[in-house]
Amino acid sequence: MRAVVVGGGISGKAIADAVAARGCTVTQLSRSTGFDVVRDDVDAALGDAEVVVEATGLFTTSRRRATDFFTRSTRAIGAATARRGARHVLLSIVNCTRPEVQGYGYFAGKTAQEQAAAAVSPLLTVVRSTQWFEFARQNTERMRFGPFVLVPGMTIAPVSLDAVAGVIADVVVGARTAPVVEVAGPETTTLWEMTRAMRLPGLVPVPLRIPGRTGRAFRAGALVPERHVEVVGPRFSEWLPSAR
Ligand SMILES: NC(=O)c1ccc[n+]([C@@H]2O[C@H](COP(=O)([O-])OP(=O)(O)OC[C@H]3O[C@@H](n4cnc5c(N)ncnc54)[C@H](OP(=O)(O)O)[C@@H]3O)[C@@H](O)[C@H]2O)c1
C-alpha cells in the first residue's frame, strides 16, 4: 500500500510512523518538506498514492481563517484523490460539529472542512479523535505570554496521539472500514488538570474563563464523547512519565 500523509509536526510524524509500521510505503508532505497544500500542485505531489491522510492544521480562533484554510486543504486533497480513485482519510475532532461549540472559530472551520470533504471525496473516512495528550503542551506554546500560560476551561477526554495514529493506520490498510471512526481516551479530565500535572519550568499557568455560550459548553463537557465512542490508549497519568 502506498500512502501519503499531508501534515507535518508531531501528528504527521506519528501517523507516518504508524502507517509505515503496517508495511506501507509512506511519504510525508508539508511545508517543511517543500509542499504547501493550498498553493502547490496536489496531483503532482501525491504520486501514485492509494491512500492520502489529511492531517494539516492552522492554529487560529478566527472563523474566517480557519474555514478558509481547512476547506482549501480538503478541497485540494479531496479533488486529487477523487481524480485518481484514491482514498481520503481526514483527521478531525470528536464533537467539533456540535452547535454549541461553533462560536469557537477553529471548530467552525473544522465543521466546514468535514462538510467540504463529504462533498468532494467519494472514498472518504473521517477519523475523529478527542484532544491528544500533546494538546496540553501545544496549548502552553500557543497561549504563552511571557512566563504566563493561559489555560482555557475545558473538560475533555484526552487520548494518546500514538493510539490515534494506530487507528488511522488501521484505516489506511483497510483493517477498519467504517466511514466515520471516533476515538477517545479512557478518562475525563480538564486541560487545567493536565497542565498542572506537566513540568513547566519557569511557566505560570493561569486559568482562562472563555466567556459566553462556547466557554460554558467547553467547561460543561461539550467535547466529552458520548458512550458509543471507542476508548483507546493509556490514561494521561500513565503516559506522562514517558513524555518527559
Ligand atoms: N491537537 C489535537 O489535540 C487534535 C485532536 C484531534 C484532531 N486534531 C486535528 O488534527 C490535525 C492536525 O492537528 P495538529 O495539532 O497536528 O495541527 P498543527 O500542528 O496546527 O498542524 C499540523 C501540520 O500541518 C502542516 N501545515 C500547515 N499548513 C500547511 C500547508 N499550507 N501545507 C502543508 N502542510 C501544512 C504543518 O506542517 P509544516 O509546518 O511543515 O507545513 C503542521 O505541522 C488538525 O486538523 C486538527 O484539527 C487535532
Side-chain angles (χ1 to χ4, degrees), residues 4-18 27-42 44-46 52-62 65-78 80 88-97 101 104-114 116-117 125-143 152 154 156-168 171 180-185 189 191 194-195 218 223-225 229-230 232-233 236 239 243:
V4 166
V5 177
V6 186
I10 48 169
S11 60
K13 183 175 183 329
I15 296 164
D17 287 351
T27 307
Q28 195 178 340
L29 298 175
S30 72
R31 292 166 306 177
S32 50
T33 71
F35 172 72
D36 187 320
V37 72
V38 296
R39 298 220 173 99
D40 294 335
D41 182 345
V42 178
L46 293 186
V52 181
V53 180
E54 181 178 6
T56 53
L58 169 78
F59 177 66
T60 176
T61 55
S62 155
R65 288 192 68 214
T67 301
D68 182 64
F69 174 77
F70 282 121
T71 57
R72 286 174 71 186
S73 172
T74 287
R75 288 201 182 99
I77 291 170
H88 179 183
V89 182
L90 172 65
L91 182 50
S92 194
I93 302 173
V94 167
N95 290 355
C96 71
T97 60
V101 299
Y104 184 57
Y106 187 89
F107 285 167
K110 291 296 291 182
T111 300
Q113 180 182 39
E114 286 200 17
T125 307
V126 179
V127 178
R128 297 191 189 118
S129 96
T130 53
Q131 289 64 39
W132 310 323
F133 296 155
E134 290 81 353
F135 174 65
R137 174 74 56 190
Q138 288 177 317
N139 186 70
T140 66
E141 290 156 7
R142 293 167 174 171
M143 299 293 278
M154 293 175 95
I156 54 180
V159 65
S160 146
L161 172 57
D162 282 337
V164 175
V167 169
I168 292 169
V171 171
V180 178
V181 177
E182 294 194 295
V183 292
T189 181
L191 185 55
M194 294 168 72
T195 306
F218 282 171
L223 300 177
V224 174
V229 171
E230 182 181 342
V232 295
F236 184 66
W239 170 88

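Along the sequence shown, the residues carry numbers beginning at 1. Indexing begins at 1, ligand by ligand and atom by atom, following the structure's order.
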[X] neighbourhood, listing ligand 1 atoms whose heavy-atom distance to it stays under 4.0 Å:
X	result
Ser129	5 (C), 6 (C)
Asp36	30 (C), 31 (N), 32 (N)
Gly9	43 (O)
Ser30	33 (C), 34 (N), 37 (O), 38 (P), 40 (O), 41 (O)

Any donor-acceptor pair under 3.5 Å linking the side chain of [X] with the backbone of [Y]?
X	Y	value
Asp40	Asp36	yes
Thr33	Ser30	yes
Thr74	Thr71	no
Asn95	Val224	yes
Thr56	Phe70	no
Gln28	Gly7	yes

- Task: Evaluate the ring planes of Tyr104 and Tyr106, with Trp represented by its six-membered ring, and classify them as parallel (under 30°), tilted (30 to 60°) or perpendicular (over 60°).
- Result: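 Because their plane-to-plane angle lies in the 30° to 60° range, the rings of Tyr104 and Tyr106 count as tilted.
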- Query: Say you draw a straight line from CE of Met194 to CD of Gln131; how long is it, rounded to the nearest 0.5 Å?
  - Reply: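 Interatomic distance, Met194 CE to Gln131 CD, rounded to 0.5 Å: 8.5 Å.
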- Message: Let me confirm one number: the CZ-OG1 distance from Arg128 to Thr97, rounded to the nearest 0.5 Å.
- Response: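 Between Arg128 CZ and Thr97 OG1, I get 5.5 Å after rounding to 0.5 Å.
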- Query: Is Glu134 close to Trp239 at the side-chain level, that is, under 4.5 Å between some pair of heavy atoms?
  - Reply: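 Yes, their side chains come closer than 4.5 Å.
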- Minimum side-chain heavy-atom gap Thr130-Ile156 below 4.5 Å: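 They are not in side-chain contact.
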Mode of [X] contact toward ligand 1 - side chain, backbone, both, neither (heavy atoms, under 4.0 Å):
X	answer
Thr130	backbone
Lys110	side chain
Leu58	backbone
Glu134	neither

How far is [atom] from its nearest protein heavy atom, and which residue and atom is that?
atom	value
atom 16 (O) of ligand 1	Ser11 OG, 2.7 Å
atom 47 (O) of ligand 1	Tyr106 OH, 2.7 Å
atom 12 (C) of ligand 1	Ala55 O, 3.4 Å
atom 23 (C) of ligand 1	Gly8 N, 3.4 Å
atom 44 (C) of ligand 1	Thr56 O, 3.2 Å
atom 13 (O) of ligand 1	Trp132 CH2, 3.4 Å
atom 19 (O) of ligand 1	Arg142 NH2, 3.8 Å
atom 33 (C) of ligand 1	Phe35 O, 3.4 Å

So, does [X] sit close enough to ligand 1 that a heavy atom of it is under 4.0 Å from the ligand?
X	answer
Val164	no
Gly12	no
Ser73	no

- Item | Backbone or side-chain N or O of Val37 under 3.5 Å from ligand 1 N or O |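 Right, the criterion is met.
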- Query: For Ile93, is at least one N or O under 3.5 Å away from an N or O on ligand 1?
  - Reply: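 No.
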- Task: Scan side-chain atoms only and decide if Gln113 and Ser73 contain a donor-acceptor pair under the 3.5 Å cut-off.
- Result: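 Gln113 vs Ser73: no donor-acceptor pair found between side chains.
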- Task: Check the pair Phe59 / Glu141 against side chain to side chain contact (heavy atoms under 4.5 Å, CB included), numbers first and verdict last.
- Result: CA-CA 11 Å; Phe59 177 66; Glu141 290 156 7; over 6 Å; no
